[in-house]
There are 2 protein chains.
Amino acid sequence: MPVEVIGVGASLKDVAARAGVSVKTVSNVVNGRARVAPHTREKVERALAELAYRPNLSARHLRRGRTGVIALALPGLDAPYSAELARLVIGAAAERGWAVLIEQTDGLADRELRVLQGLRERLVDGLVLSPVSVGREELAARTDGTPLVLLGERVLDGPVHHVDIDNRRAAREATEHLISLGRTRVGVIGARDDPRAGTARLRLAGYRQALEAAGLPRDERLAPPVRSCRRADGAEAMRRLLELDEPPRAVLCFDDLLALGALRVLLSAGLRVPEDVALAGFGDIEDGRYSTPTLTTVSPDKDRIARAAVELLAACIGGTGRAGREDGGAAGGRDVEAGHRLVVRESTAGA
Amino acid sequence: MPVEVIGVGASLKDVAARAGVSVKTVSNVVNGRARVAPHTREKVERALAELAYRPNLSARHLRRGRTGVIALALPGLDAPYSAELARLVIGAAAERGWAVLIEQTDGLADRELRVLQGLRERLVDGLVLSPVSVGREELAARTDGTPLVLLGERVLDGPVHHVDIDNRRAAREATEHLISLGRTRVGVIGARDDPRAGTARLRLAGYRQALEAAGLPRDERLAPPVRSCRRADGAEAMRRLLELDEPPRAVLCFDDLLALGALRVLLSAGLRVPEDVALAGFGDIEDGRYSTPTLTTVSPDKDRIARAAVELLAACIGGTGRAGREDGGAAGGRDVEAGHRLVVRESTAGA
DNA sequence: TTGAAAGCGCTAACAC
DNA sequence: GTGTTAGCGCTTTCAA
């Protein structure tokens with residue numbers, strides 16, 4: 001029984017014709033929605049197999065009003081933290097049968113804006129954005145109704161869903177840990193010149209809280225600003241710190257990559273970590289578990305973050321049909337605060 | 001002039017009604033395909049703006065037969081090499097206006113098969129797969145007609161497009177470099193028990209070629225197999241090598257992550273790199289540029305790989321319409337061999 | 001240059 | 001339990 005031409009692909013109609021039933025029946029078999037008689041089902045399934053039927057998802061999406069695809073917009077996948085998070089978001093989405101489309105913003109304002117304004121509108125049912133450059137105004141001005149969840153930056157009172165950890169508290173705890181080692185000069189790498197960089201601002205605030213609580217003076221030279229969170233930025237900032245008359249004996253980095261860049265500079269300079277300088281990071285990326293020394297870090301509950309983001313989107317998108325779009329999270333965004341913990345490793349241990 | 005209700009979104013018909021023209025005219029304006037009178041255009045554009053029109057991509061895709069979306073199926077984004085490559089593929093695709101949907105296979109055969117069999121067929125115009133577990137038979141048995149490009153594993157004589165570097169030669173060159181340091185016992189980390197692991201096999205062959213050419217004996221104990229390419233696997237393999245009566249004085253790793261795991265074990269054991277053991281990897285991931293010592297590695301031309309993959313897909317997918325699908329790369333796959341170079345860094349320099 | 005209408009493949013209301 | 005049919009929003013002949 002030779003298979004008919006496959007070509008571009010068989011449609012429901014083709015299958016129906018071959019099985020000698022109606023399109024509806026085939027659709028029922030494919031979707032398993034309605035009851036269909038065993039005999040009929042068998043006929044249909046044979047035709048389905050013979051024609052190697054595959055549903056045309058574009059058609060299904062057009063009809064259903066939903067696509068089962070969400071977009072994840074990140075600065076870039078080359079940052080391990082982003083990659084690890086992307087992996088988890090993709091996993092959480094897969095559990096709902098959703099596919100994930102990645103948009104790279106490089107942290108650039110215009111790219112983030114384009115994403116917000118519906119670059120892929122109605123191709124995606126929802127959007128998870130990790131914003132770097134856009135702020136409250138841009139979000140408020142959004143006309144695209146696609147449900148949105150923000151990661152990693154709290155936009156105060158924003159009418160938008162949001163998932164993050166308590167950055168201020170995490171930074172405070174990490175700083176307290178450094179101070180508890182007996183270090184009174186504690187530097188910080190990761191401050192930003194751009195005051196809109198919300199996450200960095202919050203972490204800086206936490207760092208300062210800890211200094212203050214310990215009665216340590218604030219010294220702006222101990223907080224050299226960075227442009228981004230790459231290893232090179234951490235390395236450069238660390239060089240600046242080492243040039244000070246009195247360099248810090250401990251440094252908190254707002255990103256593990258910054259810490260790894262800084263670590264490289266310290267070791268190259270012949271300094272011992274943690275004996276001469278203790279070092280802590282943020283993110284708990286896998287690299288830090290294998291660096292020498294291993295890296296003390298604030299470990300956000302990434303799994304929780306990913307799941308929460310997907311769940312919030314699911315709540316916006318709603319059950320069936322195209323309802324729920326109008327909401328778009330507009331009615332007062334919900335905030336989910338994922339947990340975090342300080343993971344103490346060699347870069348601060350036994351110092 | 002209050003904006004009409006936006007709700008779910010305006011369609012071409014709505015815009016046409018508002019502008020007092022036909023749907024066709026609006027479509028022409030939106031797509032810029034046909035000439036349209038300035039006056040008409042202006043009317044239409046105003047209506048477009050007022051209604052905040054966004055094309056429904058599902059409908060467009062259904063009609064055009066193409067979606068402008070490709071899938072990139074990788075073991076996982078948490079491997080830096082994959083993440084770096086994904087970034088480049090996304091960039092190359094973006095230049096063509098394509099979006100990229102990421103599928104995570106975790107290197108599992110069933111997941112890779114599902115992807116091959118059209119998990120997202122007709123939602124994506126093409127598929128780039130980095131196979132780990134599937135082999136020639138599975139590819140031959142494929143019924144899904146979606147254009148396919150394979151990364152990183154050459155499937156001999158397979159009827160499928162393929163992009164890779166010359167793995168055998170690269171491994172030979174790297175091994176020669178290690179031998180040139182005067183090391184006569186050269187180990188290798190990354191061999192696989194599974195003979196289908198093509199890339200590992202090719203690299204192992206290159207390693208052996210180099211040993212043979214240098215007149216060095218082959219010692220299977222110097223090639224402990226690994227299960228995957230994570231740091232932990234490299235660490236474990238390195239421990240095994242250190243337990244030998246006569247441990248190697250140089251080690252080639254088939255992946256930078258393996259090398260970083262191995263490095264950690266060496267340093268923890270109090271050994272110096274490269275003085276006691278020289279170490280080289282594969283992939284040139286950013287981590288290796290910031291480890292201490294920095295990592296000598298085979299650097300594949302990732303940009304070329306990414307671009308070639310996208311270009312091959314573009315060639316399959318063809319110009320317009322739904323033609324080209326039938327090809328699916330079936331008519332004798334093309335192979336693109338991207339370049340590579342050995343980047344010598346501290347982990348082997350001056351040893 | 002613009003309009004009318006067919007139809008991409010699917011789903012779901014409505015008949016039988 | 002199954003068939004008929006009307007669209008989802010878009011592109012694109014074919015006419016005017």
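The sequence lines fix the lettering, A, B, ..., with proteins before strands; numbering per chain opens at 1. Computed from heavy atoms alone, side chains included, the values below leave out hydrogens, waters and symmetry copies.
Distance, A:Lys13 NZ to C:dA6 C1': 12 Å, rounded to whole Å. Residue A:Leu12 contributes atom CG, which lies 16 Å from atom P of D:dT2 at whole-angstrom precision. Atom pair A:Arg54:CZ and C:dC8:P shows a separation of 21 Å (rounding to whole Å applied). If you measure from atom NE2 of A:His61 to atom C1' of D:dG9, you get 15 Å, rounded to the nearest angstrom. Atom NE2 of A:His39 and atom C1' of D:dT2 are 13 Å apart (whole Å). Going from atom CG of B:Asp14 over to atom P of D:dC8 covers 10 Å, rounded to whole Å. Put simply, CZ on A:Arg64 is 13 Å from P on C:dA13, counting in whole angstrom units. In this entry the distance linking CG of A:Asn28 with P of C:dG9 reads 20 Å, nearest Å.
Between the base of D:dG7 and the side chain of A:Arg63 there is a donor-acceptor pair shorter than 3.5 Å.
At a threshold of 4.0 angstrom between heavy atoms, the contacts of B:Ser58 with the nucleic acid are absent. Among the heavy atoms of the strands lying under 4.0 Å from B:Val23 is at least one base atom, whether or not backbone atoms are also near.
The side-chain heavy atoms of B:Tyr53 and B:Val30, taken from C-beta on, include a pair separated by under 4.5 Å. You'll find the side chain of A:Ser130 stays beyond 4.5 Å of the side chain of A:Ser82, heavy atoms only.
At D:dG3, one or more side-chain N or O atoms of A:Thr25 fall inside 4.0 Å of OP1 or OP2 (strictly under the cut-off). An OP1 or OP2 oxygen of C:dC10 is reached within less than 4.0 angstrom by no side-chain nitrogen or oxygen of A:Ser27. Regarding contacts with the backbone of C:dT11, a side-chain N or O of A:Asn31 is found under 4.0 angstrom from either OP1 or OP2. Contact between the side-chain N/O atoms of A:Ser11 and the OP1/OP2 oxygens of C:dG9 is not found at any separation under 4.0 Å. Put simply, A:Arg60 has a side-chain N or O that comes within less than 4.0 Å of OP1 or OP2 on C:dT11.
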Show me the side-chain donor-acceptor pairs of residues 36-45 of chain B shorter than 3.5 Å, one per line, residues at least two apart or across chains.
none

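Residues B:Gly20 and A:Tyr53 both approach DNA chain C. Their nearest nucleotides, taken by heavy-atom distance, put B:Gly20 toward the 5′ side. Along DNA chain C, the nucleotide nearest to B:Ser22 and the one nearest to A:Lys24 differ in position, and the one closer to the 5' end is contacted by B:Ser22.
Checked against D:dC10, D:dT2, C:dG3, the side chain of B:Pro55 finds its nearest nucleotide in D:dC10. Which of C:dG3, C:dG9, C:dT1 sits closest to the side chain of B:Ala37 comes down to C:dT1.
Checked for salt-bridge contact, B:Asp303 and B:Arg307 meet the test: a charged N lies under 4.0 Å from a carboxylate O. Taking a cutoff of 4.0 Å between a charged side-chain nitrogen and a carboxylate oxygen, A:Arg111 and A:Asp106 qualify as a salt bridge.
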